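Values in this document were obtained by computation on a predicted structure and should not be read as measured data.
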Amino acid sequence: MSDQPMFTHPPPRASRPPAAPLLPEPKLVDVVIDGHADKVPETWTILEACRHRGIDVPTLCYLENLTPVNVCRVCVVELAGARVLAPACSRRVEAGMDIRTDSPRVRLSRKMVLEFLASSVDLSTAPEAQKYAAQYGARPERYGPPAAPGTLETDRHVGTAQTVAQPVKIDNDLYVRDYAKCILCYRCVQACGSDAQNTFAIAVAGRGFDARISTEADVPLPESACVYCGNCIGVCPTGALMFKSERDMRKTGEWDESKQQKTDTICPYCGVGCTLTLHVQDNRIVKVTSPLDAAITQGHLCIKGRFGFEHVQQREPAGAESPDVKLPEGVSSRFKAR
Amino acid sequence: MDGIMDLHIHGPEATEAERAVVDAVVGEPAGDRRDLLLPALHAVQSRFGWLPQGALNCICRRLHIPPAEVYGVATFYHLLSLTPQPPTVVHVCDDIACRINGGARICEELAGRECPAHGGWKRSPCLGQCERAPAALVVRAGESPNAFVLPRTTSGAIMASLGSEEARENDRLEPLRRSAPQSGSPGLRLIRRIGQVDPESLEAYRVSGGYAALGRAFELGREGVVREVIASKLVGRGGAAFPTGRKWEAVAKAAVKPHYLVCNADESEPGAFKDRLLMEGDPFAVLEGMTIAGYATGCEKGFIYLRGEYPLAARRMATALAAGRAAGLLGSDILGKNFAFDVEIRRGAGAYVCGEETALFNSIEGKRGEPRNKPPFPVEVGLFGKPTVINNVETLVNVPPIILEGGAAYTGIGTAGSSGPKLFCLSGHVAQPGLYEVAFGPTLREAIALAGGVSSGRPIRAVLLGGAAGAFVGPDQLDMPLTLEGARAAGASLGSGVIMVFDDSVDLGDILARIAAFFRAESCGQCVPCRVGAIRQEELLARLRAGKPIGSRRQELALLQEIGQAMRDASICGLGQTASTAIESALASLDPVPEQGRPS
């Protein structure tokens with residue numbers, strides 16, 4: 001008889017579903033990146049090949065857990081022999097590609113894209129875009145001061161730059177939509193749609209400089225199909241979409257990311273087992289996210305995981321009177337609310 | 001995606017009338033028919049003059065599309081309105097060709113007049129009527145909606161159209177003859193029937209040699225047809241000049257099925273009207289070209305994506321399709337050759353960008369007309385994700401003569417680098433604006449002479465080649481040969497064949513401002529370089545014209561070049577990539593905005 005304890009027989013069931021069978025190894029193709037020859041899997045995008053080499057390619061609309069839409073064009077690279085630049089985020093590598101990530105044409109296009117955004121969008125809560133704008137030498141002041149918000153056709157003043165400014169939308173308790181900060185990266189539309197939530201509460205409406213994210217006929221969120229999963233907030237790169245709690249704390253000056261601690265845990269609500277990252281400041285949860293590489297969530301949550309944290313921090317302020325709770329006969333008063 | 005989605009629809013229910021309109025288009029859809037979205041929106045718009053919420057909700061339910069997405073599509077197109085409009089709306093062209101022929105004045109006059117309650121007007125980008133400028137498009141909604149063009153119009157005629165139930169143009173041949181002044185001349189290939197043969201009669205088309213090419217194509221077989229087209233060295237006439245035969249060959253050989261054929265009839269380039277006149281004047285030739293293309297490339301289904309502002313062309317094409325079906329020239333077994341092919345018309349709704357091939361696919365599929373990134377190219381992943389051959393109207397009209405004369409003989413027309421006949425749209429300050437056919441090769445000066453020279457007799461200030469997406473050339477470049485290689489050598493492009501002439505009375509700065517406004521209004525808004533670059537370019541030009549540069553004028557000109565470079569290099573599609581070329585070409589050599597500000 002084995003000396004192993006009885007309870008290990010039969011072995012416990014795997015706690016995770018078995019891994020999918022391995023796909024055949026993708027073919028490697030020869031590419032040249034900034035003069036260095038490389039062999040990379042043909043299934044990779046140019047962005048993956050560059051990042052694998054440790055080359056920093058800026059991205060704004062790209063996010064690992066969403067289908068690349070290549071609309072911001074800040075990731076463009078030069079391909080030898082090509083008439084125009086190519087978006088690194090969506091373009092797959094091809095054998096023989098000669099990729100330049102830092103040519104004068106690349107640097108100019110990136111600078112201009114960042115300048116265009118900085119001159120038309122409020123980037124005050126978009127540290128990444130600000131960082132790139134500084135790195136590439138964007139000078140939005142070249143277009144003049146921001147124009148007073150107005151309709152496109154009639155209110156065009158010589159010497160000022162039109163912006164996407166519009167009033168902040170606060171129509172529910174959970175999040176705020178400040179589209180003056182929107183760079184139209186399409187991430188929220190994808191997260192709301194077929195890349196994650198399949199709710200389709202928002203879409204791009206209008207055209208050209210007037211294009212914007214909108215519900216149908218611009219109705220408030222509570223009238224739309226929105227289920228308040230907050231996945232749009234989770235993917236927004238500029239703070240245009242924000243937890244209402246975060247926005248309120250920013251308004252009063254309390255928001256301080258340097259004082260925040262991030263702790264990963266598992267959501268207690270149901271059996272799916274989503275990874276939550278709790279952002280805690282002064283011993284209070286101020287925001288909940290999920291890691292993009294979490295196997296179950298891929299960064300996406302539901303309303304409960306993302307917003308249902310208040311119950312863990314229901315504390316009475318010191319000295320407050322206990323509410324008058326009537327307890328059933330026989331129930332110990334130690335369960336009474338403090 | 002559609003199967004797993006719960007629709008959340010609120011707001012008013014459709015009225016009975018609204019439901020009837022939607023049902024008439026949607027019928028009983030089997031499976032995913034999102035492609036019926038734009039036809040349904042069109043139907044509601046032409047019945048009610050706008051898109052009431054109840055009707056939109058009905059469309060969402062019937063086609064199972066989320067309301068936010070329907071709203072996103074509806075707000076994309078300029079001919080659709082989300083707010084109530086009067087039943088009659090006149091779209092008054094204030095774009096370049098009309099602008100210099102009285103269009104600007106008409107708009108000023110209209111601005112000071114009160115419209116009747118049931119009518120209104122708005123400014124429009126180029127309506128494709130440049131040979132009969134100034135023009136306006138009257139759109140009437142109602143139980144029997146109609147739309148027609150007012151050519152060579154006045155503010156008085158526009159006001160009258162708001163007040164009356166005046167009929168559309170009825171004469172079949174006379175207006176065509178005037179628009180194609182060569183009509184009836186010997187030696188024409190592409191426009192020989194225009195103004196001569198009744199465009200609504202299949203019999204007349206056959207008597208004039210029509211459908212002989214289709215018979216010959218069946219003799220050659222599918223591969224034989226592709227061989228002839230390759231041998232002809234025909235290149236696309238929509239502006240990009242891609243070899244047509246290579247495109248056909250790629251689709252014919254594509255393993256994925258089905259294959260689709262699309263005729264790009266969304267001609268919207270300011271200054272271009274050739275495709276409109278081909279469809280108005282010889283619709284069966286377009287259809288025959290499509291049928292041969294469908295046969296050669298293994299397509300059973302073809303679409304004509306027809307510009308929304310071309311009501312007469314749409315009627316003529318619809319008449320031709322019906323006659324073709326009745327005669328067995330379309331349908332499940334064409335001429336007993338075991339070849340099934342049919343064609344459907346899809347109307348655009350006011351979006352220049354939908355002339356870009358992948359934006360056009362998205363538009364047909366019921367999505368916003370935003371271009372896709374290429375690769376993959378349409379021959380692999382096109383309409384509905386299938387291999388698609390997409391050709392311009394003029395390209396397809398070249399096909400019957402190629403099949404009849406043989407590809408090798410066709411290369412004898414034109415020059416070594418540019419084979420075949422070519423249509424040019426002459427407009428602006430020429431004595432006889434219109435559509436002209438020449439073999440590739442004459443000089444720009446000769447083409448202008450063909451149209452009677454400068455109408456005023458004044459010197460030429462500039463010529464816009466290829467439309468708003470083309471380039472300006474100066475009077476010193478009139479000896480440029482009109483060939484692909486000749487234009488390229490001069491740093492220009494023939495594009496879609498636009499030749500717009502400006503005499504020295506014109507304020508070129510005003511023309512540039514209109515072109516900049518055009519691109520700002522027509523950008524789809526998807527990518528940053530075009531969405532923001534177009535408006536920054538427009539603002540910068542306004543500063544130059546007002547003599548109020550930020551920093552120095554030199555700095556502004558350098559900035560304009562940087563904007564143009566970024567748009568050219570980093571935009572997703574051809575719209576953004578060409579949005580600065582005309583403006584930059586004028587600034588490079590024509591001094592359109594003299595230093596002191598506006599020229600007096």
Side-chain angles (χ1 to χ4, degrees), chain A residues 60 69-74 76 78 83-85 87 90-92 105-106 108-113 116-117 119-120 141-144 152 156 158-162 183-184 186 192-194 198-212 214-219 223-226, chain B residues 1 4-8 10-11 53 56 60 66-78 82 351 353 368 370 373 375 520-529 531-536 538-540 542-543 545-546 548 550-551 555 559 562-563 565-572 577:
Chain A
L60 289 174
V69 288
N70 53 251
V71 298
C72 78
R73 315 304 279 186
V74 80
V76 287
E78 187 168 349
R83 184 176 53 88
V84 294
L85 304 180
S90 65
R91 183 73 178 269
R92 289 208 184 281
R105 279 174 76 194
V106 168
L108 176 76
S109 276
R110 289 182 183 170
K111 178 187 79 170
M112 295 305 283
V113 161
F116 288 161
L117 289 176
S119 66
S120 59
E141 67 278 7
R142 296 203 283 175
Y143 307 97
L152 267 181
R156 194 167 302 123
V158 170
T160 60
Q162 291 284 326
I183 59 168
L184 216 64
Y186 287 56
C192 189
S194 49
N198 279 292
T199 290
F200 303 95
I202 47 172
V204 180
R207 191 165 95 189
F209 195 71
D210 185 41
R212 72 269 175 195
S214 180
T215 57
E216 65 274 18
D218 203 21
V219 298
E223 285 174 39
S224 77
C226 177
Chain B
M1 131 198 145
I4 52 168
M5 170 186 53
D6 291 324
L7 288 184
H8 177 97
H10 63 94
Q53 186 64 46
L56 290 177
C60 294
E69 295 201 349
V70 168
Y71 182 73
V73 171
T75 52
F76 189 83
Y77 297 99
H78 281 182
L82 273 293
V353 71
R368 290 165 56 81
E370 293 173 354
N373 212 60
R520 184 255 308 151
E522 296 300 332
S523 166
C524 78
Q526 189 184 196
C527 69
V528 177
R531 178 177 77 234
V532 188
I535 197 167
R536 293 290 175 257
E538 187 189 16
E539 290 167 347
L540 198 158
R543 294 198 293 271
R545 294 188 69 218
K548 292 180 182 169
I550 296 177
Q555 283 172 326
L559 177 56
E562 288 190 22
I563 294 173
Q565 182 74 35
M567 291 175 85
R568 206 160 34 248
D569 271 349
S571 294
I572 291 179
Q577 289 162 9

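- Options A:Ser119, A:Gly208, A:Ala203 differ in how many heavy-atom pairs under 4.5 Å they form with chain B, and the most are formed by A:Gly208.
- In terms of heavy-atom pairs under 4.5 Å with chain B, the best-connected choice from A:Val219, A:Val106, A:Val69 is A:Val219.
- With hydrogens and angles ignored, the 3.5 Å screen pairs a side-chain donor or acceptor of A:Arg207 with a backbone N or O of B:Phe76.
- Only the backbone of A:Ala201 comes within less than 4.5 Å of a heavy atom of chain B; no side-chain atom from C-beta onward does.
- Here the CZ-CZ distance, from B:Arg531 to A:Phe116, works out to 11.0 Å after rounding to the nearest 0.5 Å.
- Residues A:Phe209 and B:Glu538 have side chains not in contact (no heavy-atom distance under 4.5 Å, counting atoms from C-beta outward).
- Within the 4.5 angstrom heavy-atom criterion, only side-chain atoms of A:Arg212, from C-beta onward, approach chain B.
- Put simply, CZ on B:Arg568 and CZ on A:Arg83 are 10.5 Å apart, with the number rounded to the nearest 0.5 Å.
- Looking only at distances, a side-chain donor or acceptor of B:Arg368 sits under 3.5 Å from a matching main-chain atom of A:Val204.
- Residues B:Val532 and A:Met112 fail the side-chain proximity criterion, which asks for heavy atoms closer than 4.5 Å.
- For B:Ala351, the parts lying near chain A are the backbone and the side chain together; criterion is any non-hydrogen pair under 4.5 Å.
- For the pair B:Arg536 (side chain) and A:Gln162 (backbone), a donor-acceptor distance under 3.5 Å is present.
- To the nearest 0.5 Å, atoms CG (A:Asp210) and OG (B:Ser523) are separated by 11.0 Å.
- The part of A:Ile183 that comes within reach of chain B is its backbone (N, CA, C, O), which places non-hydrogen atoms under 4.5 angstrom from that chain.
- Of the two parts of B:Gln555, neither the backbone nor the side chain holds a non-hydrogen atom closer than 4.5 Å to a non-hydrogen atom of chain A.
- Annotation: maximal heavy-atom pairing with chain B below 4.5 Å, among A:Ser224, A:Ser90, A:Gly144, occurs at A:Ser224.
- Rounding to the nearest 0.5 angstrom, the gap separating the CD atom in B:Gln526 from the CG atom in A:Asn70 is 7.5 Å.
- The two residues A:Leu108 and B:Glu562 make their nearest non-hydrogen contact at CD1-OE1, 3.7 Å.
- Comparing A:Val76, A:Leu184, A:Asp218 by how many heavy-atom pairs each has under 4.5 Å with chain B, the most go to A:Leu184.
- In this structure, no portion of A:Val74 lies under 4.5 Å from any heavy atom of chain B.
- B:Asp569 approaches A:Arg105 most closely through the heavy-atom pair OD1-NH2, 2.7 Å.
- Note: A:Ala225 leads A:Ala225, A:Ala211, A:Gly193 in heavy-atom pairs under 4.5 Å with chain B.
- Chain A forms more heavy-atom pairs under 4.5 Å with one residue of B:Ile563, B:Val528, B:Leu82, B:Ile550 than with any other, namely B:Val528.
- Neither the backbone nor the side chain of B:Leu56 comes within contact range of chain A; no heavy atoms are under 4.5 Å apart.
- Heavy-atom distances place both the backbone and the side chain of A:Val113 under 4.5 Å from chain B.
- For B:Thr75 (side chain) and A:Gly206 (main-chain N/O), a donor-acceptor pair under 3.5 Å exists by modelled atom type.
- Taking CZ of A:Phe200 as the reference point, atom CD of B:Glu69 lies at 5.5 Å (rounded to 0.5 Å).
- There is no contact between A:Arg110 and chain B, counting heavy-atom distances below 4.5 Å.
- Of the listed residues (A:Ala161, A:Cys192, A:Cys72), the one with the most heavy-atom contacts under 4.5 Å to chain B is A:Ala161.
- Of the atoms belonging to A:Ile202, it is backbone heavy atoms, and not side-chain ones, that fall under 4.5 Å from chain B.
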